[in-house]
Amino acid sequence: QKEVEQDPGPLSVPEGAIVSLNCTYSNSAFQYFMWYRQYSRKGPELLMYTYSSGNKEDGRFTAQVDKSSKYISLFIRDSQPSDSATYLCAMVSGYGNKLVFGAGTILRVKS
Amino acid sequence: GAVVSQHPSWVICKSGTSVKIECRSLDFQATTMFWYRQFPKQSLMLMATSNEGSKATYEQGVEKDKFLINHASLTLSTLTVTSAHPEDSSFYICSASDGTSGFYTQYFGPGTRLTVL
């Protein structure tokens with residue numbers, strides 16, 4: 001079993017839709033949770049990070065962490081064609097600096 | 001701020017040759033640099049972690065004699081793929097951490113696509 005599971009998609013939505021991206025994990029030591037956006041043939045770009053459980057909002061993006069269920073989500077409101085990319089979740093334990101990535105979900109926002 | 005560059009962005013080489021990839025932090029000092037490998041439609045897999053002036057720490061299953069990492073300064077790390085073979089063809093991405101904005105915060109380079117013929 002992989003430490004981090006993420007549906008690779010692709011997920012195709014119309015412009016303006018609310019997008020929900022999710023990851024599950026098995027290692028209860030993970031405490032920091034990140035979401036990265038990666039455009040084709042580019043390196044990942046950090047979107048948001050969250051410590052422990054709870055919600056964090058930044059503009060159109062909301063990150064949620066439910067440690068009891070080992071489940072994290074990224075919501076994108078009013079999705080735009082420019083949001084089309086691969087979204088990777090990543091997490092790290094409190095005592096290490098090794099990021100463990102999900103496989104990434106391909107998102108396509110159609111205008 | 002927090003820009004990381006990689007050079008070259010893509011390289012094609014013949015089987016058996018060696019290829020060097022550079023990773024530079026342009027506007028900050030990178031106390032730690034990481035090297036990842038990404039196959040098509042797969043996630044990033046950490047290959048090794050390097051601290052300036054120290055030997056790199058390789059992940060299990062990564063051949064350290066094949067993937068030579070040097071972190072000679074606080075702004076430069078290099079990955080040399082020695083005696084490259086077609087199965088080494090992949091997207092190699094480095095990241096860098098300045099150690100002050102949270103050890104979990106890594107800034108990624110744009111990646112280098114290696115094709116071995």
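Each chain gets a letter, A, B and so on, in the order the sequences are listed, and its residues count up from 1.
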| query | Is the charged tip of Lys67(A) near the ring of Tyr25(A): under 6.0 Å from the six-membered ring centre and within 45° of its axis? | reply | no
| said: Distance alone, cut at 3.5 Å: any donor-acceptor contact between the side chains of Thr105(A) and Asp7(A)? | reply: no
| task | Please flag which part of Gln38(B) lies under 4.5 Å from any non-hydrogen atom of chain A: side chain, backbone, both or neither. | result | side chain
| task | Might you work through the salt bridge (Lys or Arg N to Asp or Glu O under 4.0 Å) test for Glu22(B) and Arg24(B), ending with a clear yes or no? | result | CA-CA 7 Å; Glu22(B) 291 187 350; Arg24(B) 292 181 184 272; 3.4 Å; yes
| query | Relative to Phe91(B), does Arg113(B) satisfy both conditions: NZ or CZ under 6.0 angstrom from the six-membered ring centre, and within 45 degrees of the ring's axis? | reply | yes
| said: Counting only non-hydrogen atoms closer than 4.5 Å, does Gln38(A) touch chain B with its backbone (N, CA, C, O), its side chain (CB onward), both, or neither? | reply: side chain
| field | Crowding at NZ, Lys66(B) (>12 non-hydrogen neighbours, <6.0 Å) | value | yes
| How about Tyr51(A) and Phe33(A): are their ring centroids closer than 6.0 Å? | no
| note | So, the part of Leu44(B) with a heavy atom under 4.5 Å from chain A: the answer is both
| task | With chain B as the partner chain, list the residues of residues 77-89 of chain A whose heavy atoms fall under 4.5 Å from it, by residue number, and write 'none' if nothing qualifies. | result | Leu88(A)
| query | Looking only at heavy atoms, what is the nearest atom pair of Ala48(B) and Ile69(B), with distance? | reply | CB-CD1, 3.2 Å
| query | For the candidates Gly102(A), Pro44(A), Ala90(A), which exhibits the highest count of non-hydrogen atom pairs separated by less than 4.5 Å from chain B? | reply | Pro44(A)
| query | So Tyr36(B) and Phe34(B), would you call those rings parallel, tilted or perpendicular, with 30° and 60° as cut-offs? | reply | tilted
